[in-house]
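Note on naming: letters A, B, ... go to the chains in the order of the sequence lines (proteins, then strands), and numbering restarts at 1 for each one.
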Amino acid sequence: MQITWVTALLNWFQLHQRELPWRQTKDPYAIWVSEIMLQQTRVETVVPYYRRFLERFPTVEHLAKAQIDEVLKLWEGLGYYTRAKNLHRAAQVIQQEYQSVFPRSHSEVLALPGIGDYTAGAIMSIAYGQPFPAIDGNVLRVIARLQLVQKDISLPQTKTEVAAFLKGVFPLEQASDFTQALMELGALVCLPMTPKCTLCPIQVHCQAKQRNMQQELPIKSKKTLPKREKRYLAIIQQGDKILMNKRPMAGLLGGLWEFPGVESKNKQDFVQNFKRQFGLTIIPKVHKLDTSHVFSHRIWEMKVYHSELVSGEVTTAADLHWIPIDQLNTIAIPSAFQKIKDSLLLGGKLC
DNA sequence: AAACCGGGGAT
DNA sequence: ATCCCAGGTTT
């Protein structure tokens, strides 16, 4: 009686769902890969990455025996690179602990690195058809409006309450479609700013719409502002090779390659910090370009100097390597440095 | 609970 | 300029 909205939602999903690559399979491995890629990342962005990844690593075993550098290269540009490292580690856990058979129980899935409440619920419901809710930003928004949830959705307690509500209405025979339908509604109709309520299959059940409060919900606390950081980068060339640094695996952009750089207040500070960080004495020559990059929690304002290498014993603190310019495309370089890389590749030689 | 961790598209 | 996206982990 009071859960007819579930049926209405499922009928709408049958008619209006998008054709997405991961909807052509029930392979838990493929579903898993898609869910990790989709964390905080839009569907359209993920699609080409997903196709390439599954072509290269069709099974858990292919992924488990891969080199992490190749996994990161396939992840290049997607962001949140810890996802790729956890995916790789979890594949090795599945190979060793589960004989390469993806685990079937919720507790085992949840225990894998990189899998939290949302992803465990998504895999259990979508791949295995079991009634575990998968609560992402879409679902929180849909349920907050449907049930007039006026608490901050970023509070763990709110998620717990939404989970309890969903468990009570879960259609046991259509768990996979129900999970996906909730998210699809959030992505296509129940939009954050201007929801398309006239198109909504459950509008008559929506408590927010009844009170004309769609715009006010969900309630979400503000995020802290990103911090600005001045960063000086050195382009150091010897013949057709460029000196590149592989960032430490832990931390920001961990395991990816960068044009060696340091946070510095000015040019003199740059040379000093560079020697401390990399053990190399350089002379900044040509101020090549300025570029900035915005992370969710940090802003890099980068000054790039074509620099001369005077002397240096490489310290253990860094992981410097000479990379031929025509091989820059074979290592994983994050988006923050893509403009710089392009200027090298297009310009051929430096000015 | 808050901070850290990427990148891009929509408004 | 702001929001937020099929979030998880660490502090």
Base, sugar-phosphate alone, or nothing: which one does [X] contact when heavy atoms must sit under 4.0 Å apart?
X        : value
A/Trp22  : base
A/Ser34  : nothing
A/Leu20  : base
A/Tyr80  : base
A/Arg23  : base
A/Thr179 : nothing
A/Gly186 : nothing
A/Val43  : base

What interatomic distance, in whole Å, is found between [atom1] of [M] and the corresponding atom of [N]?
N     : M     : atom1 : answer
B/dG9 : C/dG8 : P     : 23 Å
C/dT9 : B/dG8 : P     : 24 Å
B/dA1 : C/dC5 : C1'   : 22 Å
B/dC5 : C/dC4 : P     : 22 Å

Look at the side chain of [X] and decide which nucleotide, out of [options], has an atom nearest to it.
X        : options             : result
A/Ser296 : B/dG8, B/dA3, B/dC5 : B/dC5
A/Tyr118 : C/dC5, B/dC5, C/dA6 : C/dA6
A/Met193 : C/dA6, C/dC3, B/dG7 : C/dC3
A/Gln40  : B/dG8, C/dG7, B/dC5 : C/dG7
A/Arg18  : C/dC4, B/dC5, C/dA6 : C/dA6
A/Pro192 : C/dC5, C/dA6, B/dG8 : C/dC5

Verify the ring-centre separation between A/Trp300 and A/Phe295: is it less than 6.0 angstrom?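 Here the rings of A/Trp300 and A/Phe295 have centres that are less than 6.0 Å from each other.
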What do you reckon, are the aromatic ring centroids of A/Phe57 and A/Phe53 less than 6.0 Å apart?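 Here the rings of A/Phe53 and A/Phe57 have centres that are less than 6.0 Å from each other.
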If we count only N and O atoms by modelled type, under 3.5 Å, do the side chains of A/Gln92 and A/Gln96 hold a donor and an acceptor together? no
Regarding A/Thr4 and A/His205, is there a side-chain donor-to-acceptor distance under 3.5 Å anywhere?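 Yes, A/His205 and A/Thr4 have a side-chain donor paired with an acceptor closer than 3.5 Å.
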Lys/Arg-Asp/Glu bridge criterion (N-O < 4.0 Å) met for A/Arg83, A/Glu35: no
Could A/Arg247 and A/Asp319 be called an ion pair, given the rule that one side-chain N must be under 4.0 Å from one carboxylate O? no
Relative to each other, are the rings of A/Phe274 and A/Phe278 parallel, tilted or perpendicular (30° and 60° limits)?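 A/Phe274 vs A/Phe278 ring planes: tilted.
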Carefully, step by step, assess A/Glu301 and A/Lys230 under the rule salt bridge (charged side-chain N to carboxylate O under 4.0 Å, His left out). CA-CA 5 Å; A/Glu301 292 173 344; A/Lys230 283 189 181 175; 5.9 Å; no
Does the side chain of [X] get closer than 4.0 angstrom to OP1 or OP2 of [N] through an N or O atom?
X        : N     : value
A/Arg298 : B/dC5 : yes
A/His297 : B/dC4 : no
A/Ser335 : B/dG8 : yes
A/Ser154 : B/dA1 : no

dist A/Leu320:CG -> A/Leu243:CG (nearest 0.5 Å) comes out at 4.5 Å
Pairs under 3.5 angstrom, nitrogen or oxygen only, protein versus nucleotides 9-11 of chain C, please.
unit_1 : atom_1 : unit_2   : atom_2 : d
C/dT9  : OP1    : A/Gly114 : N      : 2.7

Once you round it to whole Å, what is the distance between P of B/dG6 and CD1 of A/Ile36?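 Between P of B/dG6 and CD1 of A/Ile36: 15 Å.
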Reading DNA chain C from 5' onward, which residue's closest nucleotide shows up sooner: A/Leu225 or A/Asn138?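 Between the two, 5'-proximity favours A/Leu225.
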What I want to check is whether an N or O donor and acceptor connect the side chain of A/Thr41 with the base of B/dG6 at under 3.5 Å. yes
Side chain of A/Arg42, base of C/dC4: donor and acceptor closer than 3.5 Å?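 Per atom types, the contact qualifies.
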